[in-house]
Amino acid sequence: MIENLIKELNPQQKEAVTYFDSPLLILAGAGSGKTRVITYKIAYMIEKFNYEPERILAVTFTNKAAHEMKERVGQLLKGKADVFVSTFHSFCVKLLKSHSVRIGFKPNFLIIDTDDKKSVLKEILKELNLDTELYNPSLIGSMISNVKNGMVSIENFELKGYDRVIEIFELYNKKLKEMNAFDFDDLLLYGKKLLTEHEDIKNRYVDYFRYVLIDEYQDTNAIQYEITKALTLEKGNVCVVGDEDQCIYTWRGANINNILNFEKDFPHAKVVKLEKNYRCSGVILSAANAVIANNTIRKGKKLFTDNEDGEPIRLFEASTDQEEALFVGKTVKKLINTGFKPSEIAIFYRTNSQSRIVEDALRREGINYQIVGGLKFYERKEIKDIIAYMRVILFEEDKLSLFRILNVPKRGLGQAAEERLKKLLDEGYSNIEALNRIVLESPLRQREGFKEILEIIEAGKEKLETLKPYEFIKFITAISRYEDYLRKEYREDWETRVENITELGNTLEEFAERSGLSGEELYLEFLNTVTLSSDQDEMEDGEKVTLMTIHASKGLEFPVVFITGLEEGLFPHARSLDANEQIEEERRLFYVAITRAKKVLVLSYARSRRFFGSYRPTEKSRFIDEIPSHLIKPVSRKTSGEKTQASSVSSISSRSSIKKKPKIVFHKKFGKGIVKRVEGAGDTAKVTAYFANFGEKTIVMKFLKVLA
DNA sequence: TTTGACCGGGTTTTT
DNA sequence: CCCGGTCAAA
């Protein structure tokens, strides 16, 4: 079965799939059929060698990629293949679930995100009486991260005289331990520890896994590399797949040497290069090759393709970022009119802050879109609050969440109350113990507030097993009076926020069905999964244009790709201009962006761009000039169908003639209103309207009736 | 304790 | 420009 499929592969792919004699490095160029090779290889092992699927470990970069890989292997084998596919992070979570006791943590640990990490650091800085100006919590956070992911050693801080940072580092770890919590780096670090410092645990997994595959190997860090080695060095049963030209995460510890030195580190390693590209048009591939040739830190390879040359790369110079966005909007519209589906089109940018202006332009054209990344669903305040309530109910030691919801909604527990509680917690009492004590001894006003919190936690614990997941969320929202709070505090958009909470309930319900879990076990699993969810995990299938940063586009492909904001200081980014390695990373990023495109590639830049509210002149990116000019066709402003700034304003107002936009609306409570602005489309559009007795209000469309 | 006004500073990229 | 943080007043 699989043998027949393999016959259709090119010789290099075939070798990559069937070679098992020693550690294997597959240098897979962009679009070279990498996913195909990996899935075939797994299917091959299962069919030919009778490996049990669950004893093959495949590590991917995102959870989404993991799910897809599982599915595709399943398809190859007609339905049944429970291959152990996960990210490094979730793999370590599983390790820790079984063995955390060995390193002094309880099995139902908590995973904290970057936000929580910052709160812990702020608390520490306060305790140590350090100035948060000088000791920026985010900066300290990334220093801690760099130590943990093996990028710098702690001795480095000693040398530089950062002894306070060392102190903070140690206190931080102590606090996390007290909360039985891990941060992202800890997951890997302690996972590695289990596999390197505990012989029996290591042997167990070395014996268990018959083969280990690592995808996106160029973006592994030192700790992930140690994990890989611990699992496979003895048996040599490993295949890593990567492309040094696509290494774009060195800033968070990815070590390009992991791929460059593979042959040194793994004895008798075999290297297979996949250089035939099946994805891009000839023109696009030539551009990509030309650009990346400017880099020096690489093994070097040159991709080729049988695909047709295709249309030239389009390049648009806009006078302002506004005009650039309008151009993108209009071009997307034209492309859709000529037959591309919205889902076949992607718009990339270097920084998240660029998304807004493009969004406006798309909305204006009435184009459906989705943003991948940016402010994630789980980072919204109302979601984080409800999750904090869940966490407080589930984790006795989670002080962070307790403080988060202590006075949300307001229940008279301000700074004084906070200090009082903190003191007890520092004395070693658990959340519940501390609250119980405090209820007895606090002044009357605070007593009521603390009592309420205690009741919420106790009632929540009681309902944990009895209520259905969706009902549980509803229960928490009700008992904490959270909806009233939203209504009061967020008059403009409380409905959307309530909807988000409803959506959280739905997601949880879905998760329960998929995992087959229930009760406490379900919630623990859900919360950890949520914390580890990546941008791509939240991508939807559907007829929508996709907007994302280039980092988020890793591993994806689209028939049409826009790369916007190609300006010096933005792309390459200003923070990367001083060192050549950094420029090279930016260039790899550009290379990744180009090679996502199959047929149409559109580049654009603006001559001036708004930063912090004011316009600054810009220069076009050096990267544009690295593409041979015969591959590029400039789009002139006239033929782009673009209008001047003045008339683009009129195009905004002429939009009111679009049928969908109502001029008079009716609301149950506010009565008749005159529409001022509309954001978004359909039921979820936000309408700002003027109501005679209530003034201007912003309301979600679904709560309005449209009058003739 | 809460509220609202004011100021200042911040933008890479993310599991 | 938009947020979060700080400070004074109620």
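Side chains are part of it too, since the values below use all heavy atoms of this structure and drop only hydrogens, waters and symmetry mates. Convention: sequence-line order gives letters A, B, ...; per-chain numbering from 1.
For the pair A:L413 CG and B:dT2 C1', the interatomic distance rounds to 13 Å; values are reported in whole Å. The nearest whole Å value for the distance from the NZ atom in A:K118 to the P atom in B:dT14 is 15 Å. Spacing between atom OH of A:Y378 and atom P of B:dT14 amounts to 18 Å, rounded to whole angstrom units. Between the C1' atom of B:dT15 and the CG atom of A:D185 lies a distance of 9 Å, rounded to the nearest Å. B:dT13 atom C1' lies 12 Å from atom NZ of A:K554, rounded to whole Å. A:L139 has its CG atom 11 Å from the P atom of B:dG10, to the nearest Å. Computed from coordinates, the A:L406 CG to B:dT1 P distance equals 11 Å when rounded to whole Å. Regarding A:K117, its NZ atom lies at a distance of 11 Å from the C1' atom of B:dT15, rounded to whole Å.
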Set out, line by line, the N/O atom pairs under 3.5 Å between protein and nucleotides 3-7 of chain B.
unit_1, atom_1, unit_2, atom_2, d
B:dT3, OP2, A:K410, NZ, 3.3

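Although no hydrogens or angles enter the test, the distance criterion places no donor-acceptor pair under 3.5 Å between the side chain of A:R420 and the main chain of A:A416. Side chain of A:N258 to backbone of A:T220: a donor-acceptor contact under 3.5 angstrom is found. With A:E216 contributing its side chain and A:T60 its backbone, the two residues share no donor-acceptor pair below 3.5 Å.
Each of A:G412 and A:L188 lies near DNA chain B, and the nucleotide nearest A:G412 is the one positioned closer to the 5' end. If A:G414 and A:S533 are placed on DNA chain B by their nearest nucleotide, the residue sitting closer to the 5' end is A:G414.
The aromatic ring centres of A:F623 and A:F571 sit less than 6.0 Å apart. Between A:F61 and A:Y249, the distance separating the two ring centers is shorter than 6.0 angstrom.
Each salt bridge (charged side-chain N to carboxylate O under 4.0 Å, His left out) pair with one or both residues in residues 86-97 of chain A, not counting sequence neighbours, appears once here: A:K97-A:E525.
Residue contacts for A:T351: at a heavy-atom cut-off of 4.0 Å it reaches the sugar-phosphate backbone alone, with no base atom in range. Among the heavy atoms of the strands lying under 4.0 Å from A:Q415 are primed sugar atoms or P, OP1, OP2 only; no base atom is included. Among the heavy atoms of the strands lying under 4.0 Å from A:A416 are primed sugar atoms or P, OP1, OP2 only; no base atom is included. Among the atoms of the strands shown, none is found under 4.0 Å from any heavy atom of A:T531.
Remark: ring of A:Y249 does not overlap the six-membered base ring of B:dT13 in a stacked fashion, as centroids less than 5.5 Å apart with planes less than 30° apart are not both met.
The side chain of A:R252 has B:dT15 as its nearest neighbour among B:dT1, B:dT15, B:dT13. Out of B:dT15, B:dT1, B:dT14, the shortest distance to the side chain of A:N352 is found at B:dT14.
The side-chain hydrogen bond (donor to acceptor under 3.5 Å, both in side chains) check on A:D243 picks up A:Q246, A:K301, with sequence neighbours excluded. Here A:R610 pairs with A:D321, A:Y615 under the side-chain contact (heavy atoms from CB on, under 4.5 Å) rule; sequence neighbours left out. The side-chain hydrogen bond (donor to acceptor under 3.5 Å, both in side chains) search around A:T87 returns A:S90, not counting sequence neighbours.
Exactly one of A:T114, A:D183, A:D185 qualifies for a side chain to side chain donor-acceptor pair (under 3.5 Å) with A:S145. That residue is A:D185.
Taking only side-chain nitrogens and oxygens, A:N407 comes nearer than 4.0 Å to OP1 or OP2 of B:dT2. Checking the phosphate oxygens (OP1, OP2) of B:dG9, no side-chain nitrogen or oxygen of A:N136 falls inside 4.0 Å.
Here the range on DNA chain C touched by chain A, meaning any atom under 4.0 Å from one of its heavy atoms, is C:dC1 to C:dG5.
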